[in-house]
Structures are given as C-alpha cells and as structure tokens.
Amino acid sequence: MANIGSQLTNLPNLVTMGRVLFVPGVLYYMDNYSPVRSLIAAILYLVASLGDGIDGYLARSRGQVSVLGKFLDPVADKLMVTAVMVFMVALSRVPAWLVVVLIARDLAITGLRSIASSEGIVIAASRGGKIKTALQLVGLTLLLVHFRYPLLGLGISIDYNTAGLVVLYLSLGASLISGVDYVVVFFRAIGESKREAPPPA
C-alpha cells in the first residue's frame with residue numbers, strides 16, 4: 001500500500017483537494033444583489049462539483065485508488081454542499097429546517113455506513129442516493145445563480161432562486177427515500193452476516 005505522502009501527491013487526490021479550494025471562492029461570490037457575483041459563484045460551484053467525476057475517473061484509469069482518496073472524496077462532497085447550504089440560510093435563500101434535515105440525513109447515513117464498514121459490510125451508493133446528489137447539484141447551482149433571467153426564444157423569464165428551491169425540495173424527497181433504503185439494506189446485511197457467522201466453539 002502506498003504511504004500517505006505519495007497518496008497526497010497523486011493526481012486524483014490533488015484534484016479532490018483542489019475541489020475543496022473552490023469552496024471559499026463560491027462563498028465569497030455569493031451575493032443577493034449582484035448578478036455577476038452570483039453567476040461567478042454558480043460557475044465555481046459547478047466546476048468544483050464536476051471535478052468529482054474527474055478525480056474518480058483518474059483514480060480508476062491510473063490505478064491510483066487509495067485509502068486517502070476514499071476518505072477525501074466524500075469529505076470534499078459534504079464540505080461543498082454543507083458550506084453552500086449554510087450560507088444560503090444566512091442569505092435567506094433556503095429555509096433553515098430544510099438544510100438541517102438534509103445535513104442530518106447525510107450524517108446519519110455516513111454513520112450507518114461507518115458502522116457497517118466496521119463489521120466488514122460494504123453498503124454501496126444506491127440509485128436513490130445518486131439521484132439525490134444530482135438533484136442537489138442542480139438545485140444548488142440554480143440557487144447560486146439566484147436572479148431572474150429570460151429564457152432565450154421563449155419570451156418568458158425564470159426565477160432561478162425559486163427553481164433551485166423546487167429542485168432542492170425534490171432532493172429532500174430523494175434523500176428521505178434513499179435514507180430509508182440504506183437503513184433497510186443495513187439491517188438486512190447485519191442479519192445475513194449474523195446467520196453466516198460460525199457458531200462459537
């Protein structure tokens with residue numbers, strides 16, 4: 001196994017850490033009064049989020065999947081989403097209760113997967129969890145754009161803050177449904193592992 005020093009400097013993990021460096025920029029440019037600053041924040045967030053797929057692809061294609069990378073990747077994801085949502089509460093773009101529920105769900109599932117891992121059980125990301133992540137990406141990006149813009153050729157305009165909030169509510173539904181699914185899978189896996197365990201000597 002590669003040591004921590006070499007893991008820190010491999011390309012996939014550098015990309016992951018680079019994603020985290022985008023977070024202060026996103027928070028700095030979030031603004032309720034400047035369309036330009038809000039658009040910059042949205043672009044930075046979108047670039048950092050798309051980097052999630054890039055670091056995973058690089059790790060697999062270069063044979064550099066590492067223990068450190070498996071730790072850093074979800075930490076980067078959670079840090080980005082949590083920081084942006086907390087700042088949006090401060091800017092009155094989203095209700096505080098919604099952010100609390102979304103963060104609490106993620107913490108609960110992370111804890112559940114850690115317990116499962118300690119028992120030698122791997123709970124893979126579910127389809128519902130992936131849908132939740134995609135909806136949060138879209139919703140938060142729209143919320144960062146924030147302002148109303150016309151849709152080209154359609155003669156109508158869209159309030160990006162309202163649209164983003166609707167998508168974030170959809171992500172809440174996906175979060176709760178996938179959370180229940182994770183709990184069911186966890187207890188089912190625990191039950192199967194107990195049945196397969198050899199009887200005490």
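These figures come from a predicted structure and were not determined experimentally. Note: hydrogens, waters and symmetry copies are ignored here, and every other heavy atom, side chains too, is used.
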So do Arg19 and Asp77 actually touch side chain to side chain, heavy atoms under 4.5 Å?
yes
When every non-hydrogen atom of Val101 is compared with those of Leu172, the smallest separation belongs to CG1-CD1, 3.5 Å
What pairs of residues pass the salt bridge (charged side-chain N to carboxylate O under 4.0 Å, His left out) test when at least one of them lies in residues 162-177, not counting sequence neighbours?
none
Does a side-chain heavy-atom distance below 4.5 Å link Tyr28 with Arg37?
yes
Is there a side-chain contact between Thr110 and Lys78 (heavy atoms, below 4.5 Å)?
yes
Which salt bridge (charged side-chain N to carboxylate O under 4.0 Å, His left out) pairs, counting each pair once, include a residue from residues 94-109, with sequence neighbours left out?
Asp106-Lys132
Which pair of non-hydrogen atoms, one from Val23 and one from Ala83, has the smallest distance, and what is that distance?
CG1-CB, 3.9 Å
Non-hydrogen side-chain atoms of Pro95 and Leu165 separated by less than 4.5 Å:
yes
Could you check whether any side-chain N or O of Ser178 sits under 3.5 Å from a backbone N or O of Ser175, counting only pairs where one atom can act as donor and the other as acceptor?
yes
Decide yes or no for Met30 and His146: does some side-chain heavy atom of the first lie under 4.5 Å from some side-chain heavy atom of the second?
no
Write down the atom of Leu142, the atom of Gly164, and the distance for their closest heavy-atom approach.
CB-CA, 3.6 Å
Identify, with sequence neighbours excluded, every residue that meets ring pair (Phe, Tyr, Trp, His ring centres under 6.0 Å) alongside Tyr160.
Tyr149
Are more than 12 heavy atoms from other residues, nucleotides or ligands located less than 6.0 Å from atom CZ of Phe187?
no
Quick check on side-chain contact (heavy atoms from CB on, under 4.5 Å): which of Leu27, Val81, Leu143 does Tyr45 satisfy it with?
Val81
